[in-house]
Amino acid sequence: MKMDENVIAFEKNQPIETDIVIVGAGPVGLFAVFEAGLLGLKCHLIDNLDKVGGQCAELYPEKPIYDIPARPHCTGQELVDDLMKQAEPFEPVYHLNQQADSLSKMEDGRWRLETSTGTVFHATVIVIAAGAGSFVPRRPPLENLEQYEDSSIFYAVRRMEAMRDKRIVIAGGGDSALDWTLSLHPLASQVTLIHRRDQFRAAPDSVEKMRQLVANDEINLQIGQLKELKGSGGQLEAVQVKGADGEMHEVPCDVLLPFYGLKMELGPIAEWGLNLDRDLITVDTEKFETSVPGIFAIGDINYYPGKLKLILSGFHEAALMAQQAFRYCRPDEKLVFRYTTSSTDLQKKLGVI
Amino acid sequence: MSYIVVVDREGQEHRLDALNGWRIMEIIRDHELPIKGECGGCCSCATCHVYVDEDWQGRLPRREDEEDEMLDEAFGVEDNSRLSCQILFSEELEGLRVYLAPEGV
């Protein structure tokens with residue numbers, strides 16, 4: 001699916017005016033674009049992942065799904081591709097690699113939402129379609145971890161140059177771990193890759209290149225698991241690794257880059273003043289509106305009596321949400337209920353006539 | 001009623017009713033013990049990691065490659081590590097004993 005043309009870099013702090021901001025670009029957020037679009041409402045979407053599709057694209061792109069109406073069988077990625085295609089006529093704009101951060105009400109009654117990277121939106125309606133929360137790096141449960149984070153331990157490399165002449169330990173066996181091993185070894189004074197077994201699920205080509213570097217003694221490969229951090233004042237000096245043989249090995253290092261995949265957490269949304277039930281946002285079942293008028297929650301993130309966490313439930317919730325969103329966004333217009341089979345107005349919006 | 005025994009991260013033992021065909025992860029989650037099972041049980045995350053009691057290790061079906069790969073994202077992986085969504089309860093597992101493994105933070 002081609003989407004580059006819709007991924008626009010906006011100037012920092014230049015507010016983006018829109019009808020709806022959708023927090024979460026998973027299947028339900030994507031279908032909300034469609035339902036809102038049929039009513040003539042414009043949507044921008046925010047997602048912390050580097051791609052559209054949420055859990056379907058991140059956790060199970062290749063896994064089959066069997067309970068989408070009229071789709072006896074499709075993979076997570078196929079579902080996302082088709083939802084993007086369905087939303088396309090309504091020109092959604094995707095703002096990826098950023099988390100919805102602060103939300104406040106403006107004087108004119110609309111919302112001001114700012115993301116973790118400084119993108120600012122002015123919107124009439126906020127729709128939270130955030131699934132189980134946003135994907136953030138999974139942090140290893142090691143003692144004194146916080147003491148070293150952002151000074152010696154990083155979950156992403158923002159500036160390669162900061163890694164020059166450092167002794168770097170990279171932990172993990174997937175593409176992130178292997179890619180960074182390959183790109184940092186020319187810069188670093190020493191790179192040690194630590195993984196729990198001598199098999200890697202990363203792309204075979206990267207694994208082959210890594211093996212060659214190990215054979216040439218250009219990097220170290222240590223089979224084992226991180227057990228302990230050693231250092232002081234936020235500066236890492238070594239990590240203790242428990243080898244496959246059960247023995248402890250000390251690996252001196254300045255920097256640790258752990259790549260253990262992603263986990264999901266509610267994040268800043270929890271501070272928006274909405275009524276919550278554990279980690280879920282409570283909504284009504286007529287409009288799927290939260291305890292705060294103008295803010296809606298649809299899909300896995302919401303809770304109401306009888307809720308089922310199914311993609312199809314989220315689709316239904318998106319359709320009903322859009323009705324109420326229209327009333328907020330177009331208070332002077334009359335809402336007419338129409339079918340795509342018969343309405344020339346809808347067919348024009350869809351670009352089919 | 002069939003049962004399994006789950007030891008939580010504080011060492012507290014829980015005897016949980018178990019139904020045939022349920023995933024061990026689902027049994028643990030249904031009793032509201034702290035296990036995430038983020039992906040819902042399709043072996044796509046590593047948030048249902050448990051250690052299987054020694055006595056039981058040889059009596060379970062071995063882990064498949066996919067499960068072994070997913071364990072790369074777990075912490076403190078040992079020979080008796082399993083993703084509990086990949087073990088289906090059946091009568092042969094009556095009394096199965098597992099320990100909740102440490103989670104990422």
Side-chain angles (χ1 to χ4, degrees), chain A residues 55-67 75-76 131-133 135-143 145-146 149 155 171-178 194-202 223-227 242 244 246 258-265 278-279 300 309-311, chain B residues 7-11 21-23 25-26 28-52 54 57 62-86 88 99-105:
Chain A
Q55 289 183 45
C56 288
E58 176 61 30
L59 288 185
Y60 46 86
E62 308 297 333
K63 297 257 160 133
I65 308 175
Y66 301 102
D67 61 353
T75 66
F135 281 93
V136 295
R138 192 175 284 145
R139 303 153 62 220
L142 299 169
E143 211 174 320
L145 180 77
E146 293 85 0
E149 284 177 320
Y155 302 99
D175 283 312
S176 300
L178 271 283
I194 295 176
H195 185 45
R196 58 173 271 262
R197 57 194 184 121
D198 200 10
Q199 280 160 301
F200 293 82
R201 64 188 189 286
I223 303 303
Q225 297 177 75
L226 289 175
K227 283 290 164 190
K242 188 180 172 194
F259 294 111
Y260 291 102
L262 303 171
K263 63 163 185 158
M264 291 173 277
E265 64 176 31
R278 296 187 195 186
D279 272 351
D300 283 1
K309 286 191 186 186
L310 290 174
I311 293 172
Chain B
V7 182
D8 66 25
R9 297 182 192 96
E10 280 71 50
W22 279 45
R23 296 165 189 276
M25 178 275 285
E26 293 169 335
I28 299 172
R29 195 176 57 184
D30 195 54
H31 287 84
E32 304 195 342
L33 289 182
I35 195 160
K36 288 207 178 86
E38 275 177 356
C39 77
C42 65
C43 199
S44 295
C45 69
T47 58
C48 66
H49 178 197
V50 297
Y51 299 122
V52 174
E54 268 179 30
Q57 235 186 303
R62 294 181 64 82
R63 56 191 192 212
E64 310 241 346
D65 288 351
E66 190 185 29
E67 183 182 346
D68 208 16
E69 279 192 10
M70 216 54 240
L71 278 166
D72 285 353
E73 295 191 0
F75 303 99
V77 179
E78 303 290 346
D79 289 344
N80 60 345
S81 284
R82 293 299 304 262
L83 294 181
S84 58
C85 74
Q86 296 304 297
L88 292 183
Y99 299 78
L100 298 188
E103 281 186 314
V105 288

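Here is how names work: the chains are called A, B, and so on, in the same order as the sequence lines, proteins then strands, and each is numbered from 1. Model, not experiment: these values are computed from the prediction. Atom set for the values below is all heavy atoms of this structure, side chains included, hydrogens, waters and symmetry mates excluded.
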### Task
Could you check if a side-chain atom of V136(A) sits within less than 4.5 angstrom of a side-chain atom of Y155(A), using non-hydrogen atoms only?
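Not in contact.
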### Query
Does the side chain of R9(B) reach to within under 4.5 Å of the side chain of L33(B), using non-hydrogen atoms?
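No - every pair of side-chain heavy atoms lies 4.5 Å or more apart.
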### Task
Using a cut-off of under 4.5 Å on heavy-atom pairs, state which of P258(A), A132(A), P140(A), G173(A) scores highest against chain B.
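Heavy-atom pairs under 4.5 Å are most numerous for P140(A).
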### Query
Looking at H195(A), Q55(A), Q199(A), which makes the most heavy-atom pairs under 4.5 Å with chain B?
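Answer, by heavy-atom pair count under 4.5 Å with chain B: H195(A).
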### Query
Do other residues, nucleotides or ligands put more than 12 heavy atoms under 6.0 Å from the CD atom of E64(B)?
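No, CD of E64(B) has 12 or fewer neighbouring heavy atoms, counting only those of other groups under 6.0 Å.
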### Query
Among T47(B), D65(B), D68(B), who wins on heavy-atom pairs under 4.5 Å with chain A?
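Greatest number of close heavy-atom pairs with chain A: D68(B).
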#### Entry: When C42(B), P102(B), A74(B) are compared by non-hydrogen pairs under 4.5 Å with chain A, the top option
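Among C42(B), P102(B), A74(B), the one with the most close pairs to chain A is C42(B).
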#### Entry: Contact class of A46(B) relative to chain A, heavy atoms under 4.5 angstrom
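Contact with chain A involves both backbone and side-chain atoms of A46(B).
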### Part of K309(A) within contact of chain B (heavy atom distance under 4.5 Å)
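Contact with chain B: none, neither part.
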### Task
Please state whether the side chain, the backbone, both or neither of L145(A) comes within less than 4.5 Å of a heavy atom of chain B.
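Side chain only.
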Any salt bridge between [X] and [Y], counting N to O under 4.0 Å?
{"X": "D79(B)", "Y": "R63(B)", "answer": "no"}
{"X": "E265(A)", "Y": "K36(B)", "answer": "no"}
{"X": "K263(A)", "Y": "E103(B)", "answer": "no"}

